[in-house]
Amino acid sequence: MAKIIGGITTSHIPAIGVAMDKGLENDPYYRDLFAIYPPIRQWLNDEKPDIAVLFYNDHGLEMFLDKKPTFAIGCAPEYQNADEGWGIKPIPPVTGETELSWHIVNHLIEHDFDPTVCQEIKVDHGATVPLTLLWPNFAYQGIKVIPISINCERHPMPKPSRSYALGLAIGDAIRCWERDAKVVVLGTGGLSHQLDGQRAGILNAEFDNYCMDKLVSDPEALCVYSNLDLIEKGGAQMVELAMWMAMRGCIKGEVEERLRNYVSPISNTAVGVQLLIPKA
Ligand code: DHB
Ligand code: FE
């Protein structure tokens, strides 16, 4: 049977991808940020997951405001990306895992979630930056990836509690897949940030740390928030917490927090990183 071996949260700020392209990992501005990742890469290298289920949000590369699925699952054998205008170089394609994708889709629909099924889809920085951060030098090509997008761009967006429930259902689906596979779940995006408007640049370290605490000890405590609450507390893009909620739902039950880091700001965003291991 498939097994979820851990969950990782990380930001997807496009500037991080540009910094990697330019070899700026030791630049004073980026040094503390890039220092976070070697222990996580080591954990991935030791554990060798076969599959990464990656929760991300499509910022407009593939799903613009005119067509915005609330939840969408990649069921493709391969995922390309493309220039989005942020200056990040396109990366080689990501390999899919169609059998598990379809198993998740079937399980979800049987359990009253109705995602959009994407048999051909490009992935944006929400997916490519975390993949290149966690598996640099295109080493993500050694694993299979299932990208699952959550609408964080156009209202109405799914409630945090609904993204958590999606994660619970996907976690159950993974655990009942009759293949011996090790699965790591990635919750990308966040934490507090707002990219435009009067409150552009808002950060809220206290609330970010509260979210990271509760993600470990009591994720249901975060289910009380509406998206408007999140926006008030941490800016318009704080709603990207949705992907963290879905990741935590997949793991469910008690977790060990193997690693936590917080660097703020990078570009306009507070970067939170956690590695959570399910307690047997
Ligand atoms: C930034 C953060 C994001 O989450 C994003 O999608 C784009 C840009 C930033 O801080 O620059
Ligand atoms: Fe984003």
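Both counts, for ligands and for their atoms, begin at 1 and track the order of listing.
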Linking I/L/V/M/F/W/Y whenever their side-chain heavy atoms sit closer than 4.5 Å, directly or via other members, would [X] and [Y] fall into one cluster?
X    : Y    : value
Y79  : M63  : yes
F55  : L215 : yes
W177 : M247 : yes

For the pair F138 and Y140, name the ring-plane relationship: parallel under 30°, tilted 30 to 60°, perpendicular over 60°.
->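 Aromatic pair F138/Y140 classed perpendicular.
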If the plane angle is over 60° it's perpendicular, under 30° parallel, otherwise tilted; pick one for Y210 and F207.
->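 Parallel: the ring planes of Y210 and F207 meet at under 30°.
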Is any side-chain heavy atom of M212 less than 4.5 Å from a side-chain heavy atom of L191?
->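 Yes. Closest side-chain heavy atoms under 4.5 Å.
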Are D229 and K159 within salt-bridge range, i.e. N to O under 4.0 Å?
->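 No.
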Have a look around the Fe ion (ligand 2) and list protein N/O/S atoms under 2.8 Å, or say none.
->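 Under 2.8 Å from the Fe ion (ligand 2) - ignoring waters, which are not counted - the protein N, O or S atoms are H12 NE2, H59 NE2, E240 OE2.
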Is R154 close enough and on-axis enough to F64, meaning under 6.0 Å and within 45°, for cation-pi?
->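 No; the conditions do not both hold, so R154 does not lie above the ring face of F64.
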Output the set of protein residues with a heavy-atom contact under 4.0 Å to ligand 1, ordered first by chain identifier and then by residue number.
->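 Contacting ligand 1 under 4.0 Å are H12, I13, P14, H59, W86, H125, H193, L195, E240, S267, N268, T269.
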Please say which of R258, R248, E257 ends up in a side chain to side chain donor-acceptor pair (under 3.5 Å) with Q274.
->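 The option that passes is E257.
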